[in-house]
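Counting convention: from 1, in listed order, for ligands and their atoms alike.
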Amino acid sequence: MRTIDWVDGAIELIDQTELPTQVSVRRITELDELISDIQRLAVRGAPALGVAGALGVALIAHTDGDRASRLADAARLREARPTAVNLSWGVDRVLTALDDGPDAVLAEALRVRDEDIAACVSMGLSGADLVRDLVPDRPRVRVATICNTGALCAVERGTALGVVQTLLEQDSLEEVLPVETRPLLQGARLTAWELKQMKAPFRLMVDSAAPYLLSRGLVDVVLVGADRIAANGDTANKVGTFSLALAARQAGIPFVVVAPESTIDIGTLSGANIEIEDRGPGEVIQVAGTPTTPAGTDAINPAFDVTPAEFITAIVTERRVVRLGNDGVVTGSGFLTA
Ligand code: MRU
């Protein structure tokens, strides 16, 4: 089953807010529904947001309106969430076909979908090869990860968790240690659900246990996704990723980012220029709707953080593996443009 697709003239997507309790599919015929589903994380994860942006423009092109109103709708869609560059990338790419009519727009959107499927297969294979290369002394590796980077973050197969799936298929996986990923628990709700589906051995850990467990030698490699990679390699991803990178450096283990080329934003020179979504206090002061703090408690809730390139061992895309130097130090900027 695909996370998001175009089915009989509408967008269908798995409502990820219902998981793991229930797999429910939403059929979307109105742009406002799609924007709302993106904002409440019914569809989420950078590659899936790219496909949502692409299919959203197909929806706009199949709705009544003139060119100006369609462009205004597309602008609203690309701003639904700010950090994952894939959303605006998917919108902008499909908009190039707008003047050729709705059929051409849909064809371009479906190409974005199909390229995502192929890219994830490719990242899985080269990521698994890289992991074996980085961890030569263990026939089966132990992987730590954060958030959800599996099929639910893309169309059919994920990025970092796609590498895990490939390692499993190649009998090269010992165990996965995902973090819960507070406050919305994408690791506990979504990654654990996907790992169960693929019958991968795993043990969930609370976010704050990760640095300790890495330092105790329980992990061979950290694999994460990305929402935006700046031209110098600085990488925005789910908040908590930077802590994992610091812990990996301290423990002397590799830290690998797995993301499609569409996540690389060469127009953003460094991580300092990446807009980080602030999702407000509501998600922090309660768990599943139950308040966990005294009334009136304020909270700060950045949805993402930025890991400086110097903490990243390699970036895997569908086209290349960019190694960031044996000492983890990047020299020069713009290396991702080559
Ligand atoms: O807020 P989310 O759930 O959309 O955040 C998702 C992540 O941070 C993922 O790690 C990232 O999009 C990469 S998915 C391959």
Closest non-hydrogen atom pair, Thr63 against Arg70 | O-NH2, 2.6 Å

Pair Arg44, Asn148: side-chain N/O donor-acceptor within cut-off below 3.5 Å = yes

Does the residue [X] have a heavy-atom contact with ligand 1, meaning some pair of atoms that are separated by less than 4.0 Å?
| X | value |
| --- | --- |
| Arg81 | yes |
| Ala84 | no |
| Ala226 | yes |

Salt bridge present between [X] and [Y] (N-O < 4.0 angstrom):
| X | Y | value |
| --- | --- | --- |
| Arg2 | Asp116 | no |
| Glu261 | Arg320 | yes |
| Glu180 | Arg182 | no |
| Asp133 | Arg323 | yes |

With backbone taken as N, CA, C and O and side chain as the heavy atoms from C-beta onward, which portion of Ala46 lies under 4.0 Å from ligand 1: side chain, backbone, both, or neither?
-> both

What atoms in ligand 1 come closer than 4.0 Å to a heavy atom of Arg44?
-> 2 (P), 3 (O), 4 (O), 6 (C)

Could you tell me which atoms of ligand 1, counted from 1 in the order shown, lie closer than 4.0 angstrom to a heavy atom of Gln186?
-> 1 (O), 2 (P), 3 (O)

Just need the protein heavy atom nearest to [atom], so name the residue and atom and give the distance.
| atom | answer |
| --- | --- |
| atom 5 (O) of ligand 1 | Lys238 CE, 3.3 Å |
| atom 7 (C) of ligand 1 | Asp227 OD1, 3.3 Å |
| atom 14 (S) of ligand 1 | Cys153 SG, 3.4 Å |
| atom 9 (C) of ligand 1 | Asn237 OD1, 3.4 Å |
| atom 15 (C) of ligand 1 | Thr159 OG1, 2.8 Å |

Flag yes if more than 12 heavy atoms outside Gln197 fall under 6.0 Å of its CD atom; otherwise flag no.
-> yes

